[in-house]
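The next block holds one structure in the form of structure tokens; read it before the comments.
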Amino acid sequence: MTVVHVLYGTESGNAEMVADDIAAAFGDQGYETVTAELTDVDVSDLAAMEIAVFVSSTYGEGGLPETAAPFHDALLTERPDLSGVRFAAFGLGDSIYETFNNAIETIRAALLELGAEQIGTTAKHDAASTTPATELADAWARELLTLMPA
Amino acid sequence: MSLTIEEASALFPWNDEKFRADPYPAYERARAIAPVHRTTENTYVVLNHADTTHNAKLPCMRIAEPPSFATVGEHPHPWTAFDNTVLSKDAPEHTRMRRLTNRWLTPKMIGTWARLTHDFTVEALGRLAPGEVVDAHFDLGVMPTHLTMCRILDMPVGDVEGMFWALWDAMLINATAPGEGIHARSLAGMNFMFAETERYVREKQTAEEPGNGLVDELLAAHGRGELTWREVLETTVLLYMSGGPNPAYLIGAGFKLFAERPDLMAEFREKPEIRDAFINELARLNPVELIITRFPNEDIEIQGVHIPAGSCIKYPIGAANRDPAIFENPNEFDHNRPPEASRNLTFGLGTHACAGQLLARAETSVILGLIAERYSSVELAGDPLEVRTDRLVAFDKLPVRLS
Ligand SMILES: Cc1cc2nc3c(=O)[nH]c(=O)nc-3n(C[C@H](O)[C@H](O)[C@H](O)COP(=O)(O)O)c2cc1C
């Protein structure tokens with residue numbers, strides 16, 4: 001069975017919570033899941049992942065969260081061939097910022113450039129909205145599950 | 001309708017005892033006249049929820065008072081003592097400082113800390129004789145939450161009451177128009193907090209075994225040359241001092257509500273699923289910090305009022321929190337408000353939103369949960385005593401009997 005890797009970058013733990021929610025949704029459907037913070041992910045291991053779900057908040061002024069920045073740097077310098085990788089993307093941000101959800105876009109762009117293929121739509125949680133991130137994560141993960149290979 | 005500065009200023013009698021005790025009718029009267037008032041040459045007051053939530057967190061809204069507000073020849077503002085913390089910084093420095101604590105206050109970590117608060121509260125309740133009067137503010141609000149913060153930081157408990165009042169004194173200077181002698185009193189409070197904290201941090205620094213708290217992490221970063229001593233000290237004071245007093249007001253307000261509304265206490269007991277919304281509504285009606293100020297570094301316009309760069313904008317949180325355009329029956333406690341009509345500004349907003357708000361909410365929920373589950377009623381055993389400025393409120397005494 002396909003292993004789903006849920007990889008997150010966070011500042012204050014909201015993306016970690018979302019990553020756990022997504023992993024739980026997949027776990028409930030019988031998928032094996034591995035959840036890891038991006039600081040603990042080796043870029044060279046990425047090519048071997050069939051399905052990777054990226055979760056990241058945006059921090060500072062449109063920047064990557066501290067735990068995602070080194071990973072992104074490594075992607076751009078090591079440039080692994082990701083043509084076999086399928087990924088999904090979930091961002092967290094706050095619409096008051098002009099750079100709303102910039103970080104997940106930055107990560108997406110790098111993955112696409114290296115040949116990975118995106119499945120589903122990019123979720124963008126808005127901290128200024130009244131929807132809890134958990135709720136959006138559950139709904140989005142369920143949608144994503146319908147796109148998964150049987 | 002256009003008011004003169006004098007007329008607008010008269011709408012907000014910041015130092016009036018009656019206004020301080022209940023500013024809400026005055027806010028309502030002022031709002032009925034206009035949503036934005038110019039109250040001094042360079043000060044504006046914004047009253048609407050929508051205008052506040054949109055404008056107060058714009059990147060141009062700097063938090064530090066620009067030099068133009070300092071009076072030549074006057075002593076520095078006592079709160080410049082926190083110039084090296086998130087309180088006074090804007091991005092990108094703010095981001096760097098905020099990162100020092102983010103990892104300790106994640107939603108996951110909060111669960112761990114709230115269990116500590118639970119245990120400290122159980123111990124405090126265990127010491128109570130049946131029918132004994134207890135100060136719900138200090139013994140069941142300040143203490144359990146302060147002890148929790150001490151564990152997070154790995155700091156000694158210290159002189160809790162002394163520190164509480166030192167912080168209160170230090171905050172007095174932030175009133176809109178502090179009276180005579182307040183500068184000296186604030187400075188003395190500030191010096192006390194810093195001296196106490198510095199002593200403990202120095203002790204930690206020279207201890208044989210490093211501790212395992214947030215302060216130890218700051219000290220290690222200092223050892224590596226990544227943080228200055230002032231950054232370590234100021235950040236520690238800030239956290240050490242905000243653990244108890246701030247959540248304690250919310251918790252005290254909960255005790256008062258339970259005493260006045262046994263029906264709500266019963267609902268809190270019987271329906272754990274409403275607790276987050278309940279605490280949120282408690283926070284809406286009982287902000288600790290009553291006004292936030294920002295200084296736009298660009299000209300902006302709010303509701304047609306042109307506000308030049310460098311002005312001071314006051315956003316009274318209490319006014320936004322009870323804006324009838326958002327909150328139906330704004331003065332009533334109603335935890336069943338729909339989510340889009342329940343967002344309040346008690347913990348601030350945007351980049352400078354309270355970093356400890358998840359902790360404060362969880363602690364309040366845990367303590368009030370224990371009370372509701374273990375007792376059938378909360379009875380006031382005397383009038384609650386509050387201290388107030390136009391900027392801040394705290395309980396002094398809140399005697400209750402639990403049965
Ligand atoms: C200091 C700070 C800066 C932020 N900067 C941005 C930003 O530039 N763009 C954005 O969309 N969200 C921004 N946010 C909002 C966060 O992305 C949002 O609160 C998110 O839920 C945090 O998730 P995390 O806990 O996983 O880091 C910022 C939040 C803070 C506290």
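Each chain gets a letter, A, B and so on, in the order its sequence line appears, and its residues count up from 1.
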For A:A128, is it the side chain, the backbone, both or neither that has a heavy atom under 4.5 Å from a heavy atom of chain B?
both
Would you mind checking which part of A:P132 comes under 4.5 Å of any heavy atom in chain B, side chain (CB onward), backbone (N, CA, C, O), both or neither?
neither
Enumerate, including both backbone and side-chain atoms, all donor-acceptor pairs under 3.5 Å from chain A to chain B.
{"residue": "A:E11", "atom": "OE1", "partner": "B:R99", "partner atom": "NE", "Å": "3.1"}
{"residue": "A:E11", "atom": "OE1", "partner": "B:N102", "partner atom": "ND2", "Å": "3.2"}
{"residue": "A:E11", "atom": "OE2", "partner": "B:R99", "partner atom": "NE", "Å": "2.7"}
{"residue": "A:E11", "atom": "OE2", "partner": "B:R99", "partner atom": "NH2", "Å": "2.5"}
{"residue": "A:E16", "atom": "OE2", "partner": "B:K108", "partner atom": "NZ", "Å": "3.4"}
{"residue": "A:D20", "atom": "OD2", "partner": "B:K108", "partner atom": "NZ", "Å": "2.9"}
{"residue": "A:E37", "atom": "OE1", "partner": "B:R103", "partner atom": "NH2", "Å": "3.1"}
{"residue": "A:E37", "atom": "OE2", "partner": "B:R103", "partner atom": "NH1", "Å": "3.3"}
{"residue": "A:E37", "atom": "OE2", "partner": "B:R103", "partner atom": "NH2", "Å": "3.2"}
{"residue": "A:Y59", "atom": "OH", "partner": "B:N102", "partner atom": "ND2", "Å": "3.1"}
{"residue": "A:Y97", "atom": "OH", "partner": "B:T351", "partner atom": "OG1", "Å": "2.6"}
{"residue": "A:A127", "atom": "O", "partner": "B:R343", "partner atom": "NH2", "Å": "3.1"}
{"residue": "A:S129", "atom": "O", "partner": "B:R343", "partner atom": "NH1", "Å": "2.7"}

At a heavy-atom separation under 4.5 Å, does B:P107 approach chain A through its side chain, its backbone, both, or neither?
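Both parts, heavy atoms under 4.5 Å.
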